[in-house]
There are 2 protein chains.
Amino acid sequence: MKKTQSASIHDVARQAGVSTGTVSNVLSGKRPVAPATRARVEAAIEALRYQPNLLASALVSQRSRVLSIVVSELRDLGYYGYLSALEGIQHRANELGYSLMLHFVRSTDPEGIRRLLDTVNGRKSDGILWAIHESSGSHRWVDQIALSAYPPMVFLNMHPNPALDVVTVNNVGGAKLAVAHLAAQGAKRIGLVAGPEGWWESEMRRQGWQAALLEAGLEPAASLTAAGDWSAESGKIAMRQLLANRPELDAVFCSNDIMALGALHTIVSLGRTVPHQILLAGFDDTPEASSFCPALTSVRQDLTGLGEAAVNLLQERIYPQDETGSQPRQILIEPELVIRDSSRRG
Amino acid sequence: MKKTQSASIHDVARQAGVSTGTVSNVLSGKRPVAPATRARVEAAIEALRYQPNLLASALVSQRSRVLSIVVSELRDLGYYGYLSALEGIQHRANELGYSLMLHFVRSTDPEGIRRLLDTVNGRKSDGILWAIHESSGSHRWVDQIALSAYPPMVFLNMHPNPALDVVTVNNVGGAKLAVAHLAAQGAKRIGLVAGPEGWWESEMRRQGWQAALLEAGLEPAASLTAAGDWSAESGKIAMRQLLANRPELDAVFCSNDIMALGALHTIVSLGRTVPHQILLAGFDDTPEASSFCPALTSVRQDLTGLGEAAVNLLQERIYPQDETGSQPRQILIEPELVIRDSSRRG
DNA sequence: TTGTATGCGTTATCAA
DNA sequence: TTGATAACGCATACAA
């Protein structure tokens with residue numbers, strides 16, 4: 001008594017008058033099949049609209065052809081360009097014949113992580129892409145959980161860790177690029193609208209700001225900085241605070257474009273102008289940056305490339321080619337500066 | 001000879017000195033188990049860190065506890081608030097114990113769709129959430145493909161179709177709300193920056209604009225409209241065109257916030273001011289809208305709620321409660337207007 | 001309350 | 001080149 005709707009490999013075999021093994025061979029191409037029988041089998045497949053059950057296939061072959069992407073809140077995707085990374089992941093995964101599962105982390109304590117990893121494991125993903133921003137303690141579990149019990153894992157945009165496979169943007173370098181440019185335009189008091197405290201990306205971009213100031217012979221005073229939470233609203237507030245502390249500010253680097261939008265709002269509403277009185281630069285180079293008033297100078301990161309690189313690395317872990325290549329790898333993506341009106345002295 | 005790393009139900013059974021059936025009963029709770037044996041089994045599960053293989057479970061139970069989300073390009077997610085819908089989907093799906101798969105459509109011709117549906121089907125998803133914007137021909141396949149051959153399907157944000165399960169925002173109503181508000185502020189020449197031609201959402205918002213104009217006794221002339229492609233850059237261009245055609249414009253409704261940002265850019269760069277000379281309103285109420293200069297009046301849609309409603313409906317299709325409820329349902333989400341400075345006459 | 005046996009739809013091993 | 005047959009890990013009807 002059959003319960004399933006769709007045709008199984010048995011149905012095809014019966015219809016074609018061959019064994020299931022032969023049908024399997026026709027589909028996989030792993031073993032030779034006589035042209036005549038192949039034709040019969042293909043006709044049967046067509047006639048029955050047969051679609052292999054990938055679950056059963058995965059069960060026996062121990063390969064699900066599924067990759068799991070682990071993210072935290074979805075808002076992250078929208079805000080920080082994880083979406084572009086996802087685009088790269090999707091593209092490359094599709095080329096390699098993988099489907100994608102999406103998993104959401106609620107708590108980053110080891111117990112929560114373990115629960116998540118267990119469900120991912122239960123689904124038998126072939127590999128895991130860890131696409132969660134690193135903030136205080138969020139990645140501490142990697143030292144406490146035996147990763148070997150789970151499928152291969154590649155981490156996106158976290159602090160390079162020699163024990164892990166990591167694909168990351170050079171955030172320090174990117175921020176330095178932007179701030180050095182502001183200094184080169186003649187700015188002497190360059191403020192920083194930082195991201196939230198504890199976030200790795202915030203910290204790196206702050207370091208880039210600091211390094212660029214020092215190299216330009218300027219002092220990275222704490223009063224030149226204010227932190228937001230990546231949102232436009234927080235950018236408004238941070239900028240207000242900055243201008244209250246240091247009214248003589250002549251340039252500001254914002255740790256992302258969205259906060260730069262808020263900062264712009266505050267600057268204008270306080271009667272100042274960009275770029276004539278204050279130069280402005282952001283980070284991310286979102287598609288909208290060129291439509292800000294004025295168009296925003298920003299740091300572009302090739303996140304699509306980052307996503308693709310992550311999948312490539314994962315693929316190498318799933319199907320190791322070579323004993324020598326088995327060392328964890330840290331891949332660094334170099335960002336570039338896109339200069340627009342917001343940082344060009346009239 | 002075992003190949004798998006992780007413990008199977010057999011290992012647990014052996015360790016606890018019971019049969020696999022009993023272990024299964026402990027986990028599912030479908031049949032009574034003596035407290036003593038239950039304790040032994042649970043100890044064994046704990047000791048072996050046993051995690052059920054959901055693939056095998058799905059294979060035999062014909063239920064994978066997986067929902068598939070079908071989207072087109074990822075950019076869509078970022079632009080049109082699909083991300084918020086995804087948030088709702090994710091939340092509700094998680095509550096119901098589903099994992100999520102993400103599938104990407106490349107071509108919307110029937111053959112491409114069929115290929116996609118076949119892989120979704122091969123993965124044995126329990127249900128499908130069709131989250132692709134409706135544009136010219138993109139949904140034509142629903143009449144040509146037998147949906148009954150696939151798992152239950154719920155469509156997000158498409159034209160209500162009495163034969164399908166659809167969850168949709170009232171786009172006409174939302175646009176009407178915004179434009180009626182502009183008219184109530186005294187605007188007499190209200191322009192429209194429309195979305196790309198052929199898109200259902202563009203068309204609905206245009207209809208809302210038109211209806212509101214007529215109700216206000218104004219004429220919805222074609223020269224009052226220009227179309228963009230949802231991007232900020234296209235908003236800039238459309239606005240330029242609009243002001244060239246009709247320099248006397250005193251208000252503009254943009255079909256999304258991103259284009260409104262571009263429109264704002266053009267208006268300001270041409271030396272006009274918002275709201276004093278031109279009133280402006282958008283659609284989507286993105287988080288950034290309140291940080292535009294000036295803050296943007298916009299139409300808010302409860303997309304999270306939309307996502308949750310979609311999952312609820314899907315769940316009902318997967319586990320039908322009642323014969324009577326089996327008619328296709330069209331759920332309409334009502335948007336609301338958020339009034340900010342861009343539409344308030346000083 | 002528990003154990004045994006069968007099947008879910010594949011792939012893979014071994015003979016033929 | 002092909003056909004039986006045995007897993008894969010689990011759920012369930014049936015027997016005990």
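A note on names: the letters A, B, ... follow the listed sequences, proteins ahead of strands, and every chain is numbered from 1. Please read these numbers as outputs of a predicted model, since none were measured by experiment.
Atom-to-atom, CG of A/Leu59 to P of D/dG9 comes out at 7 Å; the value is rounded to the nearest Å. Here C/dG9 presents its C1' atom at 7 Å from NE2 of A/His10, a figure rounded to the nearest Å. Rounded to whole Å, atom C1' of D/dC8 lies 15 Å from atom CG of B/Leu54. What separates CZ of B/Arg123 from C1' of C/dG9 is a distance of 15 Å, to the nearest Å. Remark: C1' of D/dA7 and CD1 of B/Ile9 are 16 Å apart, rounded to the nearest angstrom. In this structure, CD of B/Gln62 is placed 12 Å from C1' of D/dC10, rounded to the nearest angstrom. What separates CG of A/Asn121 from P of D/dG9 is a distance of 12 Å, to the nearest Å. Here the P atom of nucleotide C/dT10 and the CG atom of A/Leu55 are 10 Å apart, to the nearest Å.
Between B/Thr37 and C/dT2, a side-chain N or O to OP1/OP2 separation shorter than 4.0 Å is present.
Side chain of B/Asn94 to main chain of B/His91: no donor-acceptor pair is present (N/O by atom type, distance under 3.5 Å, no hydrogens or angles).
Considering only heavy atoms from C-beta on, A/Leu303 comes within 4.5 Å of A/Leu306 through its side chain. A 4.5 Å side-chain heavy-atom check between B/Tyr50 and B/Leu27 finds at least one atom pair inside the cut-off. Using a 4.5 Å cut-off on side-chain heavy atoms (C-beta onward), B/Arg31 and B/Thr22 make no contact.
For A/Ser8, whose side chain is taken as the heavy atoms from C-beta onward, the closest listed nucleotide among C/dG9, D/dG3, D/dT1 is C/dG9. Of the listed nucleotides (C/dT10, D/dG9, C/dC8), C/dT10 has the atom at the smallest distance from the side chain of A/Asn53. Which of C/dG9, D/dG3, C/dT11 sits closest to the side chain of A/Ser61 comes down to C/dT11. Of the candidate nucleotides D/dC8, C/dT11, D/dC10, C/dT11 has the atom lying nearest to any side-chain atom of A/Ser57.
Ring-plane geometry between A/Phe155 and A/Trp141 is classed as tilted, the angle between the planes lying from 30 to 60 degrees on a 0 to 90 degree scale. B/His159 and B/Trp200 have perpendicular rings, their planes meeting at more than 60° on a 0 to 90° scale where under 30° would count as parallel.
Heavy atoms of A/Gly17 sit under 4.0 angstrom from primed sugar atoms or phosphate atoms, though from no base atom.
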Query - CA sep, side-chain torsions, deciding dist, call: B/Asp126, B/Arg63, side-chain contact (heavy atoms from CB on, under 4.5 Å) - result: CA-CA 6 Å; B/Asp126 287 345; B/Arg63 289 262 112 111; 4.2 Å; yes
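Heavy-atom distances to DNA chain C give each of B/Val33 and B/Val60 a nearest nucleotide, and the one nearer the 5′ end belongs to B/Val33.
A heavy atom closer than 4.0 Å to some atom of DNA chain D occurs in A/Ser19, A/Thr22, these being the qualifying members of residues 19-31 of chain A.
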